[in-house]
Amino acid sequence: MSNTHLTDTAFKQFDLPSTLLQGIEEIGFTFCTPIQALSLPKTLSGIDIMGQAQTGTGKTAAFLISVIHQLLTKPKLYDKPGVHPRALILAPTRELAIQIHKEAEALGKYTGLRFVLVYGGANYDKQRNAIAEGVDILIGTPGRLIDYFKQQLFSLRGIQSVVLDEADRM
């Protein structure tokens, strides 16, 4: 992201958990982009939104920061035996899902949350085992997610947040 497209809104202005803020600072984010400055006050307070902005404007970080914040500050909805992700992020392509996962791991590095990525064309059993080991935020493409869901590898009972990235393409 170019510094010429940043606002005066600093990430430190938001009431973010220190572990999340540490990840934000480590990847070099100090000030918000316009989409982040407009969306974060709403999403951090629990308001659902839909946003649209050009590629490279920080949309992924905006929704990831909100989702991670929610999981760190709200109790689990469902705490029974089994695999019950707390957030589900769908992307139309494996490339986008991979990019989201990479950014999620960087932002959430110090949070203790577990991020799992699933998509077609990759090692099926490895992804299956990753889900079985437990997951807080499940990121993937619709086909692979539906496949594992139909196998009852995970349930949706614990979902607190859903993101449809590039929903117009799915």
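Residue indices begin at 1 and follow the sequence shown.
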Fill in: Any side-chain donor near an acceptor of the partner, Gln151 and Arg128, under 3.5 Å
yes
Worksheet entry | Separation of Leu16 CG from Gln22 CD (nearest 0.5 Å) | 13.0 Å
Fill in: Hphob cluster co-occupancy, Leu40 + Leu38, side-chain heavy atoms under 4.5 angstrom
no
N/O donor-acceptor pairs under 3.5 Å from side chains in residues 24-32, not counting sequence neighbours:
| residue | atom | partner | partner atom | Å |
| --- | --- | --- | --- | --- |
| Glu26 | OE1 | Tyr110 | OH | 2.2 |
| Glu26 | OE2 | Lys109 | NZ | 2.8 |
| Glu26 | OE2 | Tyr110 | OH | 3.2 |

Discussion item. Does Leu71 form a side-chain contact (heavy atoms from CB on, under 4.5 Å) with Gln160? I'd like the steps, not just the answer.
Written reply: CA-CA 8 Å; Leu71 300 190; Gln160 294 171 255; 4.0 Å; yes
Worksheet entry | Interatomic spacing from CG in Asp15 to NE2 in His69 - rounded to 0.5 Å | 6.0 Å
Practice prompt. Determine whether Phe14 and Ile65 make a side-chain contact, defined as any pair of heavy atoms from C-beta on separated by less than 4.5 Å.
Written response: no
Item to complete: Working to the nearest 0.5 Å, report the span between CG of Leu88 and CD1 of Ile159.
Response: 5.0 Å
Worksheet entry | Approximate separation, where rounding is to 0.5 Å, of Leu107 CG and Leu20 CG | 6.5 Å
Discussion item. Are Leu77 and Val135 connected into the same hydrophobic cluster when the rule is that any two of I, L, V, M, F, W, Y join if their side-chain heavy atoms are below 4.5 Å apart?
Written reply: no
Discussion item. Is there a side-chain contact between Val83 and Pro85 in this structure, where contact means two heavy atoms from C-beta onward sitting under 4.5 Å apart?
Written reply: yes
Donor-acceptor pairs are to be reported for all side-chain atoms of residues 112-123 against protein atoms at under 3.5 Å, with residues two or more places apart or in another chain.
| residue | atom | partner | partner atom | Å |
| --- | --- | --- | --- | --- |
| Arg114 | NE | Gly134 | O | 2.4 |
| Arg114 | NH2 | Ala130 | O | 2.7 |
| Arg114 | NH2 | Glu133 | OE1 | 3.2 |
| Asn123 | OD1 | Asp125 | N | 3.1 |
| Asn123 | OD1 | Lys126 | N | 2.8 |

Practice prompt. Could you grab the distance from atom CE of Met50 to atom OG of Ser39, nearest 0.5 Å is fine?
Written response: 13.0 Å
Worksheet entry | Side chains of Thr33 and Gln36, donor plus acceptor under 3.5 Å | yes
Item to complete: Look only at the side chain of Gln13 and the backbone of Ala10, and say whether a donor-acceptor pair between them is shorter than 3.5 Å.
Response: yes
Worksheet entry | In one Ile/Leu/Val/Met/Phe/Trp/Tyr side-chain cluster, 4.5 Å: Ile146, Ile89 | no
Practice prompt. Output yes when a side-chain donor or acceptor of Lys59 lies under 3.5 Å from a complementary backbone atom of Ala53, and no otherwise.
Written response: yes
Worksheet item: Is there side-chain contact between Ile68 and Leu72, with at least one heavy-atom pair below 4.5 Å?
Response: yes
Worksheet item: Nearest 0.5 Å, what's the CZ-CG distance between Phe63 and Leu164?
Response: 10.0 Å
Fill in: Check: Leu90 and Val163 side chains under 4.5 Å, non-hydrogen atoms
no
Under 3.5 Å, sequence neighbours excluded: what are the donor-acceptor pairs made by side chains of residues 91-100?
| residue | atom | partner | partner atom | Å |
| --- | --- | --- | --- | --- |
| Thr93 | OG1 | Leu96 | N | 3.1 |
| Gln99 | NE2 | Glu103 | OE1 | 3.3 |

Worksheet entry | Side chain proximity check, Leu138 to Phe154, heavy atoms < 4.5 angstrom | yes
Discussion item. Working note: Lys12 + Leu21, criterion side-chain contact (heavy atoms from CB on, under 4.5 Å); need CA distance, chi angles, decisive distance, verdict.
Written reply: CA-CA 7 Å; Lys12 284 186 176 180; Leu21 197 53; 4.1 Å; yes
Discussion item. Please determine whether residues Leu44 and Ile49 belong to a single hydrophobic cluster, defined as Ile, Leu, Val, Met, Phe, Trp and Tyr linked transitively by side-chain heavy-atom distances below 4.5 Å.
Written reply: no
Item to complete: Dump the intermediate steps for side-chain contact (heavy atoms from CB on, under 4.5 Å) on Arg86 and Tyr78, then the final yes or no.
Response: CA-CA 9 Å; Arg86 296 176 63 201; Tyr78 193 81; over 6 Å; no
Practice prompt. Grab the two heavy atoms, one from Gly58 and one from Ile35, that are nearest each other, plus how far apart they are.
Written response: C-CG2, 4.1 Å
